[in-house]
Amino acid sequence: MQMYDLIMKKKRGLALSEEEIHYLVSGYTNGEIKDYQMSAFLMAVCFQGMNEQETFALTMNMRDSGRILDLSGISGVKVDKHSTGGVGDKTTFVLLAVIASLGVPVAKMSGRGLGHTGGTIDKFDCFEGFSTELTTEEFTEKVNRHYIAVAGQSGELAPADKKMYALRDVTGTVDEISLIASSIMSKKLAAGCDAIVLDVTYGQGAFMKTKEDAEKLAALMVKIGKSAGKKMSAVITSMCEPLGYSVGNALEVIEAIEALKGNAPKDLMEVVFALGEQMLLLAGRAKERNEARKLMEEAIASGAALEKLKELVVSQGGNPACIDVPELFPTAPHQTDILSEKEGYVTDLDALAVGLASMHLGGGRAAKEDGIDLSVGVVLRKKCGDYVKKGDVLAQVHSRESHPQEVIRSIKEAYTIRTENIKKEPVIYRIICG
Ligand code: URA
C-alpha cells in the first residue's frame, strides 16, 4: 500500500477501506508516513469528507494506537462527560461534585485549556497542592472510595490523535466534522468509561458556528460511541454568549462553588441540569428526567454536592480552605470596571471576543507549552437581554497589568447595545439520546 494512492483516492472523493485507514494511522504514528503526506490527506478530507464507516474506522484505529484504560476495578456504571469547548464553561466542575454526591462513579480524565477555551485541570490547579497525576491504581482506589477522581489526560491515550491534532492545528484542517468526531471519540473511548454524555456547543465561542453543524457533529459522535458499545447522549448548547458571568480560571471556580451553594446563574444551571439528567439516566441512577433533576436539586440544597467537592480536593492533596473563603484563591492585582457608553439593550455579547480577551490577559494558552495565570479574567456584569444606561458597569477586567487598554477595548467591542431588544436564544437547543 502507498500513502500516495490513498491521498489520490481521497482527493477524488472515494472512500477508504478499513485496511487503508489502519495503514494510514499506524504508519503515521510510527513515523513511516510523513507530515507532508498526512497534511495533504487531511486537506483532501476537508474537501471530500469521510463517510460513517471511514470515520468509525479512523476513531477505532486512533483509540487503539495507545493504551486503553481498564476501569473494570471500579464498581458501577462509570459515566464521562465531555464538552466540545466554550467560554466561561464551568459545567464539568459543578457536575462532578453533584453526580458523585449521588453515588455515581465519576472517573474524570481531563485536559488543560487551549486557545480561548478553558480546561478542567487548570481549574483544579487553583487549589494549592491539588495533584492530577495519579497512577491507574490510585485513580481506581479514589473513585471506589469517593465516587470521584480527576486525572490529567495521559499522553499514552490515543497518541495517533495527539500527533494528528497537532498537525491539523497548523495546517488549517481542524474544522472538519468527521475529523473532529473521530479525534474526540478516540480519546473518550480510550478513557474506558461505560457511558459518555457530550455537550456539543455552537455559536461564536464554539468550534461549530451553527446549530445545524453542532447537531451533525453530535449525532455522529453518538453513533460512533454506540457502535463502540458505549451508552451515549448529547446535549446541544448555545455558546453565543459566555456561560455564566465569569471567564478565567479562578474566577470560574468561584462561580462554580457559588453554584454548588445554590447561587448560580440561570444559564449555567440549565446546562448543568440538562447534562446531569443524561448522566444519571445513563448510569441508571434515575428513570426519567424529572427524577434526575430533583435528585440534583436536593444534592445542592442539602450541601451534599459542596461536601463532595471538599472531599475530592482533600483526597487529591489540595487545600479546601478557599471553598469557604474564596479570597484565598489566586487574585489578580488590578480590577478595572468597563463602563457603557450607550443606553439600550445588550443584543449580542461575542463569546469568542471575551474568551480571547481572557487569553490575552494570560488566562489561556496560545500554544500547549505556555504557562497560564490562574487569577486573571473577566467578570461580566451585563449579558444579552439586559438593559444598560450610560455609565453602567458592563464588565470588570481582572489583570496583572493596570488598565490593559487593548483588552478593555475588545471587551467594549464584544457588546452590541441597541434600542430594541431581541428574543434571546434558548441555552439548550436539542438533546440526542443514544
Ligand atoms: N477537540 C478535540 O479533541 N479534537 C478536535 O478535533 C477538536 C476539538
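Start at 1 and go down the list; that is how both ligands and their atoms are numbered. This structure is a prediction, so every number in the text was calculated from the model and none was measured. The first residue of the sequence shown is numbered 1, and numbering continues consecutively from there.
- Each of the atoms 1 (N), 2 (C), 3 (O), 4 (N) of ligand 1 lies under 4.0 Å from some heavy atom of Ile184.
- The aromatic rings of Phe93 and Phe127 lie parallel to each other, with less than 30° between the two planes, well short of the 60° mark.
- Salt-bridge formation is not detected for the pair Lys230/Asp194: no Lys NZ or Arg NE/NH1/NH2 atom is positioned less than 4.0 Å from an Asp or Glu carboxylate oxygen.
- When hydrogens are left out, the protein atom nearest atom 3 (O) of ligand 1 is Lys187 NZ, 2.6 Å; that is the closest non-hydrogen contact.
- One finds no salt bridge joining Arg285 and Glu291 here, because no Lys/Arg side-chain nitrogen approaches an Asp/Glu carboxylate oxygen to under 4.0 Å.
- Here the shortest heavy-atom pairing between Met232 and Val222 reads CG-O, 3.6 Å.
- Of the protein's heavy atoms, Ser183 OG, 2.6 Å lies nearest to atom 4 (N) of ligand 1.
- Residue Asp161 places no N or O, backbone or side chain, under 3.5 Å from any N or O of ligand 1.
- Here the protein heavy atom with the shortest distance to atom 8 (C) of ligand 1 is Phe207 CE1, 3.3 Å.
- Not a single heavy atom of Val174 lies less than 4.0 angstrom from ligand 1.
- Between Lys211 and Glu425, at least one side-chain nitrogen of the basic residue sits less than 4.0 Å from a carboxylate oxygen of the acidic one, meeting the salt-bridge criterion.
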